[in-house]
Chemist: 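Okay, here's the structure, questions in a sec.
Predicted, not measured: the structure shown is a model, and the values here were computed from it. Here, residue 1 is the first one in the sequence, and each next residue gets the next number.
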Amino acid sequence: LSEIFMMTLFQEIMNDLPPFQEYWTHLFKKRRMNVVSRKSGARLMGLARAREELFFPRKKTNQECEPRLRILIPVFTACVRGEMRDKKKACWRNIDESDSIMCYKNCKDCIEALLLGHKAVNDDSERALGMTTRNVQRGNNVLLSNAAGEAGINFNNAFKRPLPVHGKEKGDRSQGVFHEFSPELIDAILIAG
């Protein structure tokens, strides 16, 4: 593996976004951690040390794995490229091969400036869907806390917001929308959850 290639893979983005450059530097060069598990006493390796071990393996096991890694890298790369080139996937529009208005080569500087600081994909939905899929695969059920709608509700604090109070009732603050439901509906929600 080429350390220079891998660590400068996002250099163009880092040049455009100095906060990302600072984060990258902190994450891989400055940050040091030495976490010890209370139960097993095992130490967790920080990202800076993991990076050093990846590019310059010192442990015998890692050195022996390198030939297998060289075989797996092209396989992994082919899988990722196949996923990105799948016209049914959302990321297809973002690669230059699609020639859509969303791809990088067709993105004008003014549009690029407007997009800085915004999410590129619908990460919240993907995360919720991934959690739900994992729970179904592992336990054949979905906890309410991991359901897609619940994640959005928790993120937006939908049931924790106080209702707006008008006029004479200003001293009376509501506990939130959930507590405004009828007792029967509250019971039904709690039983279903």
Side-chain angles (χ1 to χ4, degrees), residues 1-134 137-138 146 148 151 155:
L1 284 174
S2 167
E3 181 183 19
I4 294 169
F5 173 75
M6 295 301 291
M7 298 310 291
T8 59
L9 200 59
F10 300 108
Q11 192 61 51
E12 191 176 334
I13 297 171
M14 287 188 262
N15 293 341
D16 289 344
L17 298 171
F20 181 62
Q21 172 70 55
E22 291 170 18
Y23 170 76
W24 189 266
T25 304
H26 170 73
L27 192 64
F28 289 111
K29 293 183 181 171
K30 295 180 182 174
R31 185 176 178 192
R32 301 279 178 207
M33 57 186 257
N34 200 6
V35 181
V36 180
S37 170
R38 290 182 190 157
K39 289 185 180 178
S40 67
R43 293 178 178 261
L44 299 177
M45 184 186 301
L47 280 177
R49 276 192 49 215
R51 183 181 136 243
E52 290 168 11
E53 188 65 28
L54 174 67
F55 296 115
F56 309 104
R58 285 185 259 160
K59 294 184 178 182
K60 184 180 177 192
T61 307
N62 292 338
Q63 290 172 351
E64 291 172 354
C65 289
E66 190 171 338
R68 180 74 175 145
L69 183 64
R70 290 180 186 274
I71 294 169
L72 290 175
I73 287 174
V75 174
F76 171 75
T77 306
C79 289
V80 170
R81 292 179 77 188
E83 284 290 312
M84 292 184 76
R85 289 181 172 156
D86 185 351
K87 295 179 181 180
K88 295 176 187 171
K89 306 280 182 175
C91 63
W92 161 253
R93 299 174 305 176
N94 299 322
I95 63 173
D96 288 348
E97 194 176 308
S98 72
D99 202 32
S100 74
I101 60 167
M102 304 288 286
C103 71
Y104 185 74
K105 73 176 183 182
N106 293 334
C107 185
K108 296 180 174 75
D109 290 339
C110 59
I111 295 172
E112 184 180 335
L114 290 171
L115 293 174
L116 288 176
H118 296 282
K119 289 183 181 178
V121 295
N122 196 353
D123 289 333
D124 297 329
S125 297
E126 291 291 333
R127 178 179 51 93
L129 180 61
M131 288 189 309
T132 304
T133 304
R134 182 173 176 268
Q137 289 171 343
R138 292 185 72 219
N146 291 338
F155 180 77

Chemist: Of all heavy-atom pairs between Trp24 and Met7, which one has the smallest distance, and what is that distance?
Modeler: NE1-O, 3.5 Å

Chemist: Within this structure, what is the CE-CG distance for the pair Met84 and Asp86, rounded to the nearest 0.5 Å?
Modeler: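 Nearest 0.5 Å value for the CE-CG distance: 11.5 Å.
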
Chemist: Would you give the length of the straight line joining atom OG of Ser100 to atom CD1 of Ile95, rounded to the nearest 0.5 angstrom?
Modeler: 9.0 Å

Chemist: May I ask you to say whether Lys89 pairs ionically with Glu83, meaning some side-chain N is under 4.0 Å from a carboxylate O?
Modeler: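 Here Lys89 pairs with Glu83 in a salt bridge, since their nearest N and O are under 4.0 Å apart.
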
Chemist: Applying side-chain hydrogen bond (donor to acceptor under 3.5 Å, both in side chains), run through Asn62 and Glu66 and close with a yes or a no.
Modeler: CA-CA 7 Å; Asn62 292 338; Glu66 190 171 338; over 6 Å; no

Chemist: Does OH belonging to Tyr23 count more than 12 external heavy atoms closer than 6.0 Å?
Modeler: no

Chemist: For atom CE of Met6, is the number of surrounding heavy atoms from other residues, nucleotides or ligands below 6.0 Å larger than 12?
Modeler: no

Chemist: Mind checking the CE-CG spacing from Met14 to Leu9? Nearest 0.5 Å is all I need.
Modeler: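 Nearest 0.5 Å value for the CE-CG distance: 8.5 Å.
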
Chemist: So how far is it from Ser98 OG to Arg93 CZ, rounded to the nearest 0.5 Å?
Modeler: 9.0 Å

Chemist: Measure the spacing between CD of Glu12 and CG of Leu17 and express it to the nearest 0.5 Å.
Modeler: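 The CD atom of Glu12 sits 10.5 Å away from the CG atom of Leu17.
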
Chemist: More than 12 heavy atoms of other residues, nucleotides or ligands under 6.0 Å from CD1 of Ile4: is that the case?
Modeler: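 Atom CD1 in Ile4 is not crowded, with 12 or fewer foreign heavy atoms closer than 6.0 Å.
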
Chemist: Do you know the tightest heavy-atom contact between Phe20 and Ile13?
Modeler: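 The pair with the smallest heavy-atom distance is CD2-CG2, 4.0 Å.
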
Chemist: So which heavy atom on Lys105 is nearest to which on Asp96, and how close?
Modeler: N-OD1, 3.0 Å

Chemist: Is atom CZ of Phe55 surrounded by more than 12 heavy atoms (other residues, nucleotides or ligands) closer than 6.0 Å?
Modeler: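 Enclosed.
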
Chemist: Taking Glu53 for the side chain and Arg58 for the main chain, is one N or O donor matched with an acceptor at less than 3.5 Å?
Modeler: yes

Chemist: What's the spacing between Glu3 CD and Leu54 CG if we round to 0.5 Å?
Modeler: 8.5 Å

